[in-house]
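Let me begin by presenting the structure, written as C-alpha coordinates, before commenting on it.
All ligand and atom numbering here is 1-based and tracks the order in the structure. Small disclaimer: the values here were computed from a predicted structure and weren't measured.
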Amino acid sequence: MSARPVVSFSGATLAIGDRVLWRDLDLDVRPGEFVAVLGPNGSGKTTLLRTILGQLPLTGGSLQVDGRLGYVPQQHAGDSDAMALRGRDLVGFGVDGTSWGIGLRGWRTRAARVDDAVAQVGAQSFVDKPIGLLSGGEQQRLRVAQALTNDPDVLLCDEPLSSLDLRNQRTVVDLLDARRRAAGTAILFVTHEINPVLPFVDRVLYLVDGHFRVGTVDEVMNSATLSELYGSRIDVAEVGGRLVVIGGDGEHHNCQEHPYLVDGDPTQVIAR
Ligand SMILES: Nc1ncnc2c1ncn2[C@@H]1O[C@H](COP(=O)(O)OP(=O)(O)OP(=O)(O)O)[C@@H](O)[C@H]1O
(Lines give C-alpha, C1' and ligand atoms only; values in the text may rest on other atoms or scores of the structure.)
Protein backbone atom coordinates (compact mmCIF):
# COMPACT_ATOMS: atom_id res chain seq x y z
CA MET A 1 0.00 0.00 0.00
CA SER A 2 1.63 3.22 -1.08
CA ALA A 3 -1.22 5.78 -1.10
CA ARG A 4 -0.75 8.71 1.23
CA PRO A 5 -2.07 8.05 4.71
CA VAL A 6 -5.35 9.69 5.67
CA VAL A 7 -4.49 9.39 9.36
CA SER A 8 -0.92 9.40 10.57
CA PHE A 9 0.21 9.11 14.18
CA SER A 10 3.91 9.56 14.75
CA GLY A 11 5.48 9.02 18.16
CA ALA A 12 2.06 9.90 19.56
CA THR A 13 1.45 9.86 23.29
CA LEU A 14 -1.71 10.60 25.18
CA ALA A 15 -1.73 11.02 28.93
CA ILE A 16 -4.68 12.03 31.06
CA GLY A 17 -3.40 13.33 34.36
CA ASP A 18 -0.50 11.08 35.27
CA ARG A 19 -1.93 8.10 33.42
CA VAL A 20 -0.44 7.32 30.00
CA LEU A 21 -3.09 5.75 27.76
CA TRP A 22 -0.69 5.08 24.89
CA ARG A 23 2.89 6.07 24.24
CA ASP A 24 4.99 6.45 21.07
CA LEU A 25 2.24 5.27 18.77
CA ASP A 26 3.20 5.09 15.10
CA LEU A 27 0.26 4.31 12.86
CA ASP A 28 -0.44 5.23 9.25
CA VAL A 29 -3.95 4.47 8.04
CA ARG A 30 -4.25 4.40 4.26
CA PRO A 31 -7.28 4.89 1.99
CA GLY A 32 -9.58 1.88 2.03
CA GLU A 33 -7.85 0.27 5.00
CA PHE A 34 -9.91 -1.39 7.74
CA VAL A 35 -8.18 -1.07 11.11
CA ALA A 36 -9.75 -2.72 14.15
CA VAL A 37 -8.92 -1.03 17.47
CA LEU A 38 -9.07 -3.51 20.34
CA GLY A 39 -8.24 -3.49 24.03
CA PRO A 40 -9.79 -3.82 27.47
CA ASN A 41 -12.08 -1.20 29.02
CA GLY A 42 -10.34 2.09 29.65
CA SER A 43 -7.33 1.31 27.43
CA GLY A 44 -7.89 4.44 25.36
CA LYS A 45 -9.74 3.25 22.26
CA THR A 46 -12.42 5.95 22.26
CA THR A 47 -9.83 8.50 23.26
CA LEU A 48 -7.85 7.60 20.13
CA LEU A 49 -10.88 8.47 18.00
CA ARG A 50 -11.35 11.69 19.95
CA THR A 51 -7.83 12.82 19.13
CA ILE A 52 -8.52 12.22 15.43
CA LEU A 53 -11.73 14.25 15.75
CA GLY A 54 -9.66 17.07 17.23
CA GLN A 55 -11.43 16.89 20.59
CA LEU A 56 -8.30 16.06 22.58
CA PRO A 57 -4.73 17.24 21.93
CA LEU A 58 -1.89 14.74 22.08
CA THR A 59 0.52 15.14 24.93
CA GLY A 60 3.44 14.10 22.73
CA GLY A 61 4.30 13.34 19.10
CA SER A 62 2.15 14.30 16.13
CA LEU A 63 -1.06 13.44 14.35
CA GLN A 64 -2.01 14.36 10.80
CA VAL A 65 -5.48 13.89 9.36
CA ASP A 66 -5.85 14.31 5.62
CA GLY A 67 -9.49 14.18 4.59
CA ARG A 68 -13.07 14.43 5.75
CA LEU A 69 -14.18 12.52 8.81
CA GLY A 70 -17.36 10.61 9.49
CA TYR A 71 -18.31 9.24 12.89
CA VAL A 72 -20.51 6.25 13.69
CA PRO A 73 -21.34 5.91 17.40
CA GLN A 74 -22.85 3.07 19.39
CA GLN A 75 -26.51 2.32 19.05
CA HIS A 76 -28.25 3.95 22.04
CA ALA A 77 -31.70 2.94 23.14
CA GLY A 78 -34.11 5.45 24.68
CA ASP A 79 -33.36 8.68 22.86
CA SER A 80 -35.64 11.28 24.46
CA ASP A 81 -36.52 12.77 21.06
CA ALA A 82 -37.09 9.37 19.55
CA MET A 83 -40.74 9.98 18.67
CA ALA A 84 -40.32 13.62 17.61
CA LEU A 85 -37.42 12.95 15.23
CA ARG A 86 -37.76 11.06 11.99
CA GLY A 87 -34.98 8.99 10.52
CA ARG A 88 -34.49 11.63 7.87
CA ASP A 89 -33.84 14.25 10.58
CA LEU A 90 -31.15 12.06 12.12
CA VAL A 91 -29.39 11.62 8.79
CA GLY A 92 -29.74 15.37 8.08
CA PHE A 93 -27.74 16.23 11.20
CA GLY A 94 -24.71 14.97 9.28
CA VAL A 95 -25.24 17.63 6.61
CA ASP A 96 -25.91 20.37 9.14
CA GLY A 97 -22.88 19.64 11.31
CA THR A 98 -21.49 23.01 12.22
CA SER A 99 -17.88 21.84 12.34
CA TRP A 100 -17.93 21.37 8.58
CA GLY A 101 -19.40 24.80 7.90
CA ILE A 102 -22.03 23.62 5.45
CA GLY A 103 -25.19 24.77 7.19
CA LEU A 104 -25.88 27.44 4.57
CA ARG A 105 -26.22 25.08 1.68
CA GLY A 106 -29.56 25.09 -0.06
CA TRP A 107 -32.29 22.71 1.00
CA ARG A 108 -32.27 21.02 -2.37
CA THR A 109 -28.61 20.13 -2.05
CA ARG A 110 -29.20 19.07 1.52
CA ALA A 111 -32.09 16.83 0.56
CA ALA A 112 -30.07 15.27 -2.25
CA ARG A 113 -27.21 14.47 0.09
CA VAL A 114 -29.55 12.94 2.63
CA ASP A 115 -31.29 10.88 -0.08
CA ASP A 116 -27.95 9.69 -1.42
CA ALA A 117 -26.74 8.61 2.02
CA VAL A 118 -30.05 6.91 2.78
CA ALA A 119 -29.82 5.00 -0.50
CA GLN A 120 -26.26 3.90 0.32
CA VAL A 121 -27.54 2.12 3.42
CA GLY A 122 -30.80 0.95 1.83
CA ALA A 123 -32.98 2.76 4.37
CA GLN A 124 -35.57 4.30 2.02
CA SER A 125 -38.45 2.25 3.40
CA PHE A 126 -38.12 3.48 6.99
CA VAL A 127 -36.34 6.83 6.80
CA ASP A 128 -39.57 8.80 7.26
CA LYS A 129 -40.68 6.98 10.40
CA PRO A 130 -40.07 8.31 13.93
CA ILE A 131 -36.78 7.00 15.25
CA GLY A 132 -38.54 5.53 18.28
CA LEU A 133 -40.45 3.13 16.04
CA LEU A 134 -37.31 1.77 14.37
CA SER A 135 -35.37 -1.29 15.43
CA GLY A 136 -31.82 -0.95 16.77
CA GLY A 137 -30.47 -2.23 13.46
CA GLU A 138 -32.50 0.26 11.45
CA GLN A 139 -31.37 3.11 13.69
CA GLN A 140 -27.77 2.05 13.29
CA ARG A 141 -28.08 1.99 9.51
CA LEU A 142 -29.29 5.59 9.73
CA ARG A 143 -26.27 6.51 11.86
CA VAL A 144 -24.04 5.09 9.15
CA ALA A 145 -26.01 7.16 6.62
CA GLN A 146 -25.51 10.25 8.78
CA ALA A 147 -21.74 9.68 8.73
CA LEU A 148 -21.84 9.20 4.93
CA THR A 149 -23.51 12.57 4.21
CA ASN A 150 -20.09 14.13 4.62
CA ASP A 151 -18.61 11.89 1.89
CA PRO A 152 -15.94 10.86 4.40
CA ASP A 153 -12.40 9.76 3.63
CA VAL A 154 -12.19 8.22 7.10
CA LEU A 155 -14.98 6.60 9.08
CA LEU A 156 -14.43 6.51 12.82
CA CYS A 157 -16.63 3.81 14.29
CA ASP A 158 -16.98 3.50 18.06
CA GLU A 159 -18.42 0.09 18.88
CA PRO A 160 -21.14 0.46 16.25
CA LEU A 161 -22.26 -3.16 16.62
CA SER A 162 -22.94 -3.15 20.35
CA SER A 163 -26.50 -4.16 21.22
CA LEU A 164 -27.19 -5.37 17.69
CA ASP A 165 -28.11 -8.96 16.92
CA LEU A 166 -25.91 -10.99 14.57
CA ARG A 167 -27.97 -10.27 11.48
CA ASN A 168 -27.90 -6.52 12.07
CA GLN A 169 -24.21 -6.64 12.95
CA ARG A 170 -23.60 -8.25 9.59
CA THR A 171 -25.72 -5.64 7.80
CA VAL A 172 -23.80 -2.74 9.36
CA VAL A 173 -20.39 -4.32 8.69
CA ASP A 174 -21.37 -5.02 5.08
CA LEU A 175 -22.39 -1.37 4.65
CA LEU A 176 -19.06 -0.16 5.97
CA ASP A 177 -17.17 -2.61 3.80
CA ALA A 178 -19.16 -1.58 0.73
CA ARG A 179 -18.34 2.06 1.42
CA ARG A 180 -14.62 1.47 1.70
CA ARG A 181 -14.61 -0.57 -1.50
CA ALA A 182 -16.68 1.96 -3.45
CA ALA A 183 -15.04 5.15 -2.19
CA GLY A 184 -11.71 4.13 -0.67
CA THR A 185 -12.88 5.31 2.74
CA ALA A 186 -10.58 4.15 5.52
CA ILE A 187 -12.24 2.64 8.58
CA LEU A 188 -11.06 2.79 12.17
CA PHE A 189 -13.30 0.42 14.04
CA VAL A 190 -13.24 0.37 17.84
CA THR A 191 -14.60 -2.92 19.13
CA HIS A 192 -14.46 -5.40 21.96
CA GLU A 193 -15.19 -8.19 19.57
CA ILE A 194 -13.13 -8.85 16.46
CA ASN A 195 -15.08 -11.82 15.11
CA PRO A 196 -17.89 -9.89 13.38
CA VAL A 197 -15.30 -7.92 11.40
CA LEU A 198 -12.60 -10.59 11.10
CA PRO A 199 -13.00 -11.14 7.33
CA PHE A 200 -12.58 -7.42 6.67
CA VAL A 201 -9.78 -6.39 9.00
CA ASP A 202 -6.50 -5.40 7.35
CA ARG A 203 -4.73 -4.53 10.58
CA VAL A 204 -5.32 -4.58 14.31
CA LEU A 205 -4.26 -1.93 16.81
CA TYR A 206 -4.37 -3.60 20.23
CA LEU A 207 -4.03 -1.30 23.27
CA VAL A 208 -3.31 -2.56 26.78
CA ASP A 209 -2.29 -0.48 29.74
CA GLY A 210 -0.15 2.08 27.90
CA HIS A 211 1.32 -0.46 25.47
CA PHE A 212 0.17 -1.47 22.02
CA ARG A 213 0.77 -3.74 19.05
CA VAL A 214 -0.07 -3.00 15.43
CA GLY A 215 -0.12 -5.62 12.69
CA THR A 216 -2.22 -8.03 10.71
CA VAL A 217 -4.69 -10.25 12.56
CA ASP A 218 -2.19 -13.11 12.46
CA GLU A 219 0.62 -10.92 13.76
CA VAL A 220 -1.33 -9.53 16.72
CA MET A 221 -4.04 -12.04 17.61
CA ASN A 222 -1.80 -14.87 18.70
CA SER A 223 -0.87 -16.31 22.08
CA ALA A 224 2.72 -15.03 22.14
CA THR A 225 1.90 -11.43 21.20
CA LEU A 226 -1.10 -11.03 23.49
CA SER A 227 0.68 -12.74 26.39
CA GLU A 228 3.53 -10.28 26.01
CA LEU A 229 1.15 -7.34 25.74
CA TYR A 230 -0.94 -8.31 28.77
CA GLY A 231 2.05 -9.51 30.76
CA SER A 232 0.35 -12.80 31.56
CA ARG A 233 -0.50 -15.98 29.73
CA ILE A 234 -3.15 -15.60 27.06
CA ASP A 235 -4.12 -18.37 24.68
CA VAL A 236 -5.61 -17.60 21.30
CA ALA A 237 -7.31 -20.35 19.36
CA GLU A 238 -9.19 -20.45 16.09
CA VAL A 239 -12.44 -22.35 16.37
CA GLY A 240 -14.66 -22.67 13.35
CA GLY A 241 -13.23 -19.56 11.74
CA ARG A 242 -13.63 -17.50 14.92
CA LEU A 243 -10.93 -16.32 17.28
CA VAL A 244 -11.28 -17.33 20.89
CA VAL A 245 -9.03 -15.67 23.46
CA ILE A 246 -8.58 -17.48 26.74
CA GLY A 247 -7.25 -15.64 29.77
CA GLY A 248 -4.55 -17.18 31.91
CA ASP A 249 -3.82 -16.40 35.53
CA GLY A 250 -5.53 -13.02 35.53
CA GLU A 251 -2.84 -11.50 37.75
CA HIS A 252 -1.75 -8.75 35.43
CA HIS A 253 -5.03 -7.66 33.95
CA ASN A 254 -8.63 -7.60 34.93
CA CYS A 255 -10.08 -10.29 32.75
CA GLN A 256 -13.63 -9.24 33.52
CA GLU A 257 -12.94 -6.07 31.63
CA HIS A 258 -12.16 -8.04 28.53
CA PRO A 259 -15.01 -9.83 26.83
CA TYR A 260 -12.79 -12.68 25.70
CA LEU A 261 -11.00 -13.30 28.94
CA VAL A 262 -12.31 -15.19 31.91
CA ASP A 263 -10.61 -14.17 35.11
CA GLY A 264 -8.79 -16.96 36.88
CA ASP A 265 -10.34 -19.77 34.93
CA PRO A 266 -8.19 -20.83 32.01
CA THR A 267 -10.60 -23.62 31.13
CA GLN A 268 -13.54 -21.33 30.55
CA VAL A 269 -13.95 -19.82 27.13
CA ILE A 270 -16.12 -17.00 25.97
CA ALA A 271 -16.64 -16.96 22.25
CA ARG A 272 -18.83 -14.22 20.88
N1 LIG B 1 -11.67 13.91 29.43
C2 LIG B 1 -11.26 12.98 30.28
N3 LIG B 1 -10.93 13.29 31.56
C4 LIG B 1 -10.49 12.36 32.42
N5 LIG B 1 -10.34 11.06 32.10
C6 LIG B 1 -10.67 10.68 30.86
C7 LIG B 1 -11.14 11.61 29.88
N8 LIG B 1 -11.37 10.94 28.72
C9 LIG B 1 -11.06 9.66 28.98
N10 LIG B 1 -10.64 9.50 30.24
C11 LIG B 1 -10.19 8.25 30.85
O12 LIG B 1 -9.26 7.66 29.96
C13 LIG B 1 -9.39 6.25 29.98
C14 LIG B 1 -9.61 5.73 28.57
O15 LIG B 1 -10.94 6.02 28.19
P16 LIG B 1 -11.53 5.50 26.80
O17 LIG B 1 -12.97 5.89 26.79
O18 LIG B 1 -10.68 5.97 25.69
O19 LIG B 1 -11.37 3.93 26.96
P20 LIG B 1 -11.90 2.78 26.02
O21 LIG B 1 -10.73 1.92 25.69
O22 LIG B 1 -12.66 3.34 24.87
O23 LIG B 1 -12.85 2.02 27.03
P24 LIG B 1 -14.24 1.22 26.84
O25 LIG B 1 -13.86 -0.08 26.20
O26 LIG B 1 -14.71 1.04 28.22
O27 LIG B 1 -15.15 2.06 26.01
C28 LIG B 1 -10.54 5.93 30.92
O29 LIG B 1 -9.98 5.55 32.16
C30 LIG B 1 -11.29 7.23 31.00
O31 LIG B 1 -11.94 7.34 32.25
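- Side-chain contact check for L148 versus R179: some heavy-atom pair is nearer than 4.5 Å.
- Protein residues with a heavy atom closer than 4.0 Å to ligand 1 are I16, R19, L21, P40, N41, G42, S43, G44, K45, T46, T47, R50, E159, H192, listed by chain and number.
- A tilted orientation is assigned to the rings of F189 and F34, their planes being inclined by 30° to 60°.
- Contact annotation: the side chain of V37 approaches that of L188 to within less than 4.5 Å [non-hydrogen atoms, C-beta and beyond].
- Among D66, V29, D28, the one residue that satisfies the side chain to side chain contact (heavy atoms under 4.5 Å, CB included) test with P5 is D28.
- The side-chain hydrogen bond (donor to acceptor under 3.5 Å, both in side chains) contacts involving residues 51-64 comprise R50-Q55, where partners must be two or more places apart or lie in separate chains.
- There is no side-chain donor-acceptor pair under 3.5 Å between Q169 and D165.
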